Amino acid sequence: MRIDVLTLFPEMFDAPLSYSILKRAQEQDIVKIVLSNIRDFATDSYRKVDDKPYGGGPGMVMMPGPVFDCVEHVQAQTEEPGHVILLTPQGKPLTQHKVVELSQRPRLILIAGRYEGFDERIRTGLNAEAISIGDYVLSGGELAAMVLIDAVVRLMPGALGDEDSPADDSFSDGLLEYPQYTRPEVFRDMKVPDILLSGDHGKIAQWRKEQSIQRTKQWRPDVYETYLQSQPAQDKKKI
Ligand code: 6GU
């Protein structure tokens, strides 16, 4: 996969892309991440990329010109057209379902904005999908783009070590993950549940499923409702 990131602050991406899974995935050519500075596509001598909103109001708005030129510049670099994503708090929420869908595309182009927002013609004219990472406001789309990249790249074949499987992730079966324990067996008077020491793999699997269901019900009633809807009628009575 190729991921282009269009931003006013390409240096913000250096550290997150230089460690662990994202670093390894790039070294192994599982993903190629290309950073472009939108300001390089400004056309005036001040390198201006934002302007006052028509109709008045606070803050500045990202101008369409430099963003269009930057997208067209990177689109021309490969035959494969990229799926354009606009990171904005007004976008559709990023879910694990959406992450799986994006991980199957050959090329993504992420636009991270600053200021109060984007000229609407950036979204409509570039046929961009607007995505948000949650119901809170960040000072720019860069951190959101990094979150999206991390979530997508770890699903690409070969990105995780053999023993780590995305199938065990929270949300992948519609439930939060069960509690995990490692050594020591007793830590500051807190004991590992006996069942995990029993060696009975059937019982352990059943206990983990129950724990997943319980904590989803308690901590994420919204996720639990969706899980229930997805279950066949005869299973719902057991829960
Ligand atoms: Cl994608 N951008 C910004 N600026 N804030 C956000 C966001 C994105 N997602 C949640 N908050």
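Computation of the quantities below employed the complete heavy-atom set of this structure, encompassing side-chain atoms and omitting hydrogens, waters and symmetry-equivalent molecules. Everything numeric here is computed off the predicted structure, so don't read it as measured data. One-based numbering, in listed order, for ligands and for the atoms of each.
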Side-chain atoms of residues 102-111: list all donor-acceptor pairs with protein atoms under 3.5 Å, sequence neighbours left out, distances to 0.1 Å.
unit_1 : atom_1 : unit_2 : atom_2 : d
Ser103 : OG     : Val100 : O      : 2.7
Arg107 : NE     : Asp4   : OD2    : 3.1
Arg107 : NH1    : Thr78  : OG1    : 2.9
Arg107 : NH1    : Glu80  : O      : 3.1
Arg107 : NH2    : Asp4   : OD2    : 2.7
Arg107 : NH2    : Val74  : O      : 2.7

Exercise for review: Could you establish whether Ile131 and ligand 1 come within less than 4.0 Å of each other, counting only heavy atoms on the residue side?
Suggested key: yes
Check your understanding: Salt bridge or not for Arg114 and Glu142, using N-O below 4.0 Å?
Key -> yes
Check your understanding: Is there a nitrogen or oxygen of Ser139 sitting under 3.5 Å from a nitrogen or oxygen of ligand 1?
Key -> no
Exercise for review: Would you please say whether a donor-acceptor pair under 3.5 Å links the side chains of Gln77 and His73?
Suggested key: yes
**Study point:** Polar contact flag, side-chain donor to acceptor under 3.5 angstrom, Gln229-Glu225
**Key:** yes
Check your understanding: For ligand 1, which atoms, with element, lie under 4.0 Å from some heavy atom of Ala144?
Key -> 1 (Cl), 8 (C)
Check your understanding: Atoms of ligand 1 less than 4.0 Å from Leu87 heavy atoms?
Key -> 1 (Cl)
**Study point:** Test item: Ser212 side-chain N/O and Leu176 main-chain N/O as donor-acceptor pair under 3.5 Å
**Key:** yes
Point to revise | Main-chain N/O of Pro58 paired to Glu116 side chain as donor or acceptor, under 3.5 Å | key: no
Review point. Considering Asp135, Ile133, Leu138, Ile111, which one's heavy-atom position lies nearest to atom 5 (N) of ligand 1?
Key: Leu138
Point to revise | Selected option - heavy-atom contact closest to atom 10 (C) of ligand 1, from Gly117, Gly134, Ala130 | key: Gly134
For [atom], the protein heavy atom that lies nearest, with its residue and separation:
atom: atom 1 (Cl) of ligand 1; value: Thr88 N, 3.1 Å
atom: atom 11 (N) of ligand 1; value: Tyr136 O, 2.6 Å
atom: atom 2 (N) of ligand 1; value: Pro89 CD, 3.5 Å

Check your understanding: Mind checking what makes ring pair (Phe, Tyr, Trp, His ring centres under 6.0 Å) contact with Phe13, not counting sequence neighbours?
Key -> none
